[in-house]
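Scope of the values below: all heavy atoms of this structure, side chains included, with no hydrogens, waters or symmetry mates.
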Amino acid sequence: MKTLKYLLVLLLLVSCKSNVKAQEKPNIIFLFSDDAGYGDFGFHGSKIMKTPNLDKLSDQGVRFTQGYVTDATCGPSRAGLMTGKYQQRFGYQEINVPGYMSENSKYLGDDMGLPVDEITMADYLKKLGYTNAMYGKWHLGNADRFHPLNRGFDEFYGFRGGGRSYFPIKDLKGVHHDNKMERNFGNYEEPKTYATDAFADEAVSFIERHKNQPFFIYLAFNAVHTPMHATQEDLDKFPNLNGKRKEVAAMTLALDRACGKVMDKLKELGLDDNTIVVFSNDNGGPTDKNASINLPLSGTKSNHLEGGFRVPYLIKWPKKFKSGTVYNYPVSTFDLLPTFYAAAGGDTKDLKNIDGVNLIPFVNGENTARPHEDLYWKKEARAVYRHNDWKLIRFADRPAELYDLSKDLTEQKDLAAQEPERLRTMFKKLFEWELTLERPLWMLQQKFEKYDIDRMDWFRNPELVKEYMKKYD
């Protein structure tokens with residue numbers, strides 16, 4: 001009998017120890033916006049946008065001045081984020097938009113998605129005992145096999161596609177399932193309020209229900225992606241603006257409010273000290289579509305100037321990171337997977353075949369080197385190779401260009417003619433990287449390449465962008 005009591009006490013102690021250990025794991029919340037402009041946040045100097053909650057996050061955490069996504073469009077950048085690697089390595093090179101693709105693509109329609117043999121951020125965290133939720137825009141495949149609940153998430157409320165109404169759709173007849181709001185798997189349920197607020201409410205509910213166990217929330221807002229939908233109350237906060245600029249300001253205000261709601265709940269429950277909160281954006285703002293501004297960067301969504309893929313990038317973790325830190329070396333969103341995994345107690349050696357690195361020792365100053373000396377981007381013939389501060393851009397319709405980003409952030413001084421040897425060496429290095437990639441699983445119709453290049457030319461001069469934006473004053 002004494003032996004039995006001893007065993008019961010021992011089991012209880014082990015159980016308590018296990019629970020304490022689980023509680024020591026940080027909660028993780030990733031706030032992800034969509035198509036926002038680099039310059040459209042107070043923490044990046046905007047005097048027009050109202051982003052007090054995200055500004056506070058910047059003040060209380062780490063602001064990365066050279067944060068990047070792995071692509072200048074939303075589908076591929078999410079694939080790189082979720083897998084911790086260059087998505088071109090498994091053929092996810094192009095955005096997946098049904099109806100716009102070449103018929104010669106291997107996959108079309110709902111079959112364009114994140115390959116099921118790729119391990120996701122949520123898969124890895126689940127193995128470490130995390131409960132995972134995904135709210136908002138998925139855009140990694142419409143077929144059931146790509147569904148968030150089949151990719152490591154335990155709970156889902158959002159939509160599978162790339163863009164939809166921010167208000168409830170009253171008549172769902174004829175609406176493709178990728179545009180319907182879905183609760184978990186196959187339960188279509190339109191929101192009762194503005195979508196940005198609805199997603200935040202779902203995250204708050206999840207936090208309340210899982211406050212006693214380690215959790216991961218991927219809160220992927222569709223704000224400020226088109227359609228340009230805002231509430232009248234938010235629009236009224238910007239009486240001096242008009243048109244799309246007024247709308248994007250109102251949508252950004254709602255985005256900031258939603259982020260604040262989530263962070264306030266963490267504080268209310270005493271969870272904020274040991275919760276990692278990250279904010280970033282999926283690609284540069286499409287100035288011509290939603291009047292977003294990427295200044296001081298040149299370029300926009302879908303092209304390879306800095307405004308195409310340099311994005312806001314904030315991390316707050318009070319237990320580990322000093323508030324008000326500014327980190328100036330380049331990092332990528334594919335670094336978040338190994339960073340989260342290490343923070344959760346995992347050994348990054350278990351992460352096979354990834355390109356991202358654990359940012360914790362770099363931010364803490366334990367490692368003073370650059371997280372990445374080399375970074376790459378590619379879409380069809382267009383590609384970029386960044387080595388330290390030198391950036392090579394290869395085009396489909398003109399000679400390659402070379403920039404020193406440490407001296408020319410706006411990419412206005414092409415140094416290709418002055419640095420022929422550097423250009424040649426970097427060109428060959430880019431090609432060596434391309435040889436490691438898979439062929440694309442699907443491709444846009446070729447005519448859209450011209451649109452992307454034209455958009456780059458329209459917005460590659462910051463002074464012309466300022467002139468373009470005057471019509472919204």
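Between the side chains of Asp335 and Thr339, no donor-acceptor pair of N or O atoms lies under 3.5 Å. Asn281 and Ser33 are linked by a side-chain donor-acceptor pair at a separation below 3.5 angstrom, with hydrogens and angles left out of the test. Of the N and O atoms on the side chains of Asp35 and Asn283, at least one donor lies less than 3.5 Å from an acceptor on the other residue. Remark: the Thr226 side chain and the Asn290 side chain contain no N/O donor-acceptor pair separated by less than 3.5 Å. Checked by atom type, the side-chain pair Asn353/Arg89 shows a donor-acceptor distance below 3.5 Å.
For residues 394-427, no pair satisfies ring pair (Phe, Tyr, Trp, His ring centres under 6.0 Å), with sequence neighbours left out. Residue pairs meeting the side-chain hydrogen bond (donor to acceptor under 3.5 Å, both in side chains) criterion with at least one member in residues 307-317, sequence neighbours excluded: Gln60-Lys316, Gln66-Arg310, Tyr68-Arg310, Asn274-Trp317, Glu306-Arg310. Among residue pairs with one or both ends in residues 276-287, those qualifying as salt bridge (Lys or Arg N to Asp or Glu O under 4.0 Å) are Arg78-Asp282; sequence neighbours excluded.
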TODO: Test Leu297 against Leu305 for side chain to side chain contact (heavy atoms under 4.5 Å, CB included), laying out the working first.
DONE: CA-CA 8 Å; Leu297 310 176; Leu305 296 172; over 6 Å; no

Open item on the list: Would Arg145 and Asp111 count as a salt bridge (charged side-chain N to carboxylate O under 4.0 Å, His left out) here? Give the steps.
Closed with: CA-CA 9 Å; Arg145 64 185 179 278; Asp111 291 324; 3.0 Å; yes

- [ ] Take Thr196 and Met251 through the test side chain to side chain contact (heavy atoms under 4.5 Å, CB included) and record every step on the way to the result.
- [x] CA-CA 9 Å; Thr196 305; Met251 294 166 77; over 6 Å; no

- [ ] Step by step, work out the side chain to side chain contact (heavy atoms under 4.5 Å, CB included) result for Met112 and Leu441.
- [x] CA-CA 8 Å; Met112 297 183 291; Leu441 294 171; over 6 Å; no

Task: Stepwise ring-ring contact (aromatic ring centres under 6.0 Å, His included) test for Tyr86 and Trp433 - done: CA-CA 11 Å; Tyr86 291 110; Trp433 174 73; 5.2 Å; yes

Open item on the list: Between Trp377 and Phe309, is the ring-ring contact (aromatic ring centres under 6.0 Å, His included) condition met? List the steps.
Closed with: CA-CA 9 Å; Trp377 294 266; Phe309 48 59; 4.1 Å; yes

Task: Pair His372-Phe334, side chain to side chain contact (heavy atoms under 4.5 Å, CB included): steps then yes or no - done: CA-CA 11 Å; His372 304 280; Phe334 65 28; 3.5 Å; yes

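Between Asp288 and Lys301 there is no salt bridge, since no side-chain nitrogen of the basic residue lies less than 4.0 Å from a carboxylate oxygen of the acidic one. Using a cutoff of 4.0 Å between basic side-chain nitrogens and carboxylate oxygens, Asp256 and Lys56 are not scored as salt-bridged. Ion pairing between Glu463 and Lys466 holds under the 4.0 Å rule for side-chain N and carboxylate O. Salt-bridge annotation for Arg160 and Glu182: present, with a side-chain N of the basic residue lying under 4.0 Å from a carboxylate O of the acidic one.
A donor-acceptor pair is defined here as one N or O able to donate and one able to accept, closer than 3.5 Å; such a pair exists between the side chain of Gln88 and the backbone of Lys378. Panel note: side chain Arg460, backbone Ser298; no donor-acceptor pair is recorded below 3.5 Å. With hydrogens and angles disregarded, a donor-acceptor distance shorter than 3.5 Å links the side chain of Gln93 to the backbone of Glu380. The main-chain N or O of His387 is never found under 3.5 Å from a side-chain atom of Asp374 such that the two would form a donor-acceptor pair. Distance alone, capped at 3.5 Å, is enough to place a donor-acceptor pair between the Lys352 side chain and the Lys349 backbone. Looking at Ser332, its side chain never comes within 3.5 Å of a backbone N or O of Val69 through a donor-acceptor pair. Counting only distance, with no hydrogens or angles, the side chain of Lys246 and the backbone of Phe238 share a donor-acceptor pair below 3.5 Å. In this structure, the side chain of Asp404 engages the main chain of Ser406 through a donor-acceptor pair within 3.5 Å. Asn132 places a side-chain N or O within donor-acceptor distance of the main-chain N or O of Gly152, the cut-off being under 3.5 Å. Not one N or O on the side chain of Thr300 forms a donor-acceptor pair closer than 3.5 Å with the backbone of Gly308.
Side-chain contact between Lys319 and Thr275: absent, with no pair of heavy atoms (C-beta onward) separated by less than 4.5 Å. With contacts defined as side-chain heavy-atom distances shorter than 4.5 Å, the pair Lys450/Asp397 does not qualify. The side-chain heavy atoms of Asp110 and Asp178, taken from C-beta on, include no pair separated by under 4.5 Å. Under the 4.5 Å side-chain criterion, counting only non-hydrogen atoms from C-beta, Tyr107 is not in contact with Asn96.
For the side-chain contact (heavy atoms from CB on, under 4.5 Å) with Ser58, the lone residue among Ile315, Leu314, Thr51 that qualifies is Leu314.
Residues forming a side-chain contact (heavy atoms from CB on, under 4.5 Å) with Ala344 (at least two apart in sequence, or on another chain): Leu125, Leu128, Tyr130. By the ring pair (Phe, Tyr, Trp, His ring centres under 6.0 Å) test, Phe30 is found to be paired with Phe32, Tyr218, residues two or more places apart in sequence or in another chain being considered. In this view, Asp347 satisfies the side-chain hydrogen bond (donor to acceptor under 3.5 Å, both in side chains) rule with no residue, not counting sequence neighbours. Residues passing the salt bridge (Lys or Arg N to Asp or Glu O under 4.0 Å) test with Arg382 are Glu449, Asp452, sequence neighbours excluded. Every residue was checked against the salt bridge (Lys or Arg N to Asp or Glu O under 4.0 Å) condition with Asp273, not counting sequence neighbours, and none meets it. The side-chain contact (heavy atoms from CB on, under 4.5 Å) test applied to Asn242 returns Tyr472, not counting sequence neighbours. A search for salt bridge (Lys or Arg N to Asp or Glu O under 4.0 Å) contacts involving Asp350 returns nothing, not counting sequence neighbours. For the side-chain contact (heavy atoms from CB on, under 4.5 Å) test, residues two or more places apart in sequence or in another chain that qualify with Tyr100 are Val97, Leu444, Phe448. For Glu202, the side-chain contact (heavy atoms from CB on, under 4.5 Å) partners are Tyr135, Tyr157, Arg183, not counting sequence neighbours.
Shown here for Arg398 and Glu401, the closest heavy-atom pair between the two residues is CD-OE2, 4.0 Å. Residues Leu114 and Ala79 approach most closely at CD1-CB, 4.1 Å, considering heavy atoms.
A 6.0 Å sphere centred on NZ of Lys126 holds more than 12 heavy atoms belonging to other residues, nucleotides or ligands. The neighbour count for Tyr468 OH, taken as heavy atoms of other residues, nucleotides or ligands under 6.0 Å away, is above 12.
Here the CG atom belonging to Asp408 is positioned 7.0 Å from the CG atom belonging to Leu415, to the nearest 0.5 angstrom.
Seen from the ring of Tyr451, Lys447 does not count as a face-on cation partner, given the 6.0 Å and 45° thresholds.
The aromatic rings of Phe221 and Phe199 sit tilted, their planes meeting at an angle between 30° and 60°. Taking the six-membered ring where the residue is Trp, Phe340 and Phe216 present tilted rings, their angle falling between 30° and 60°.
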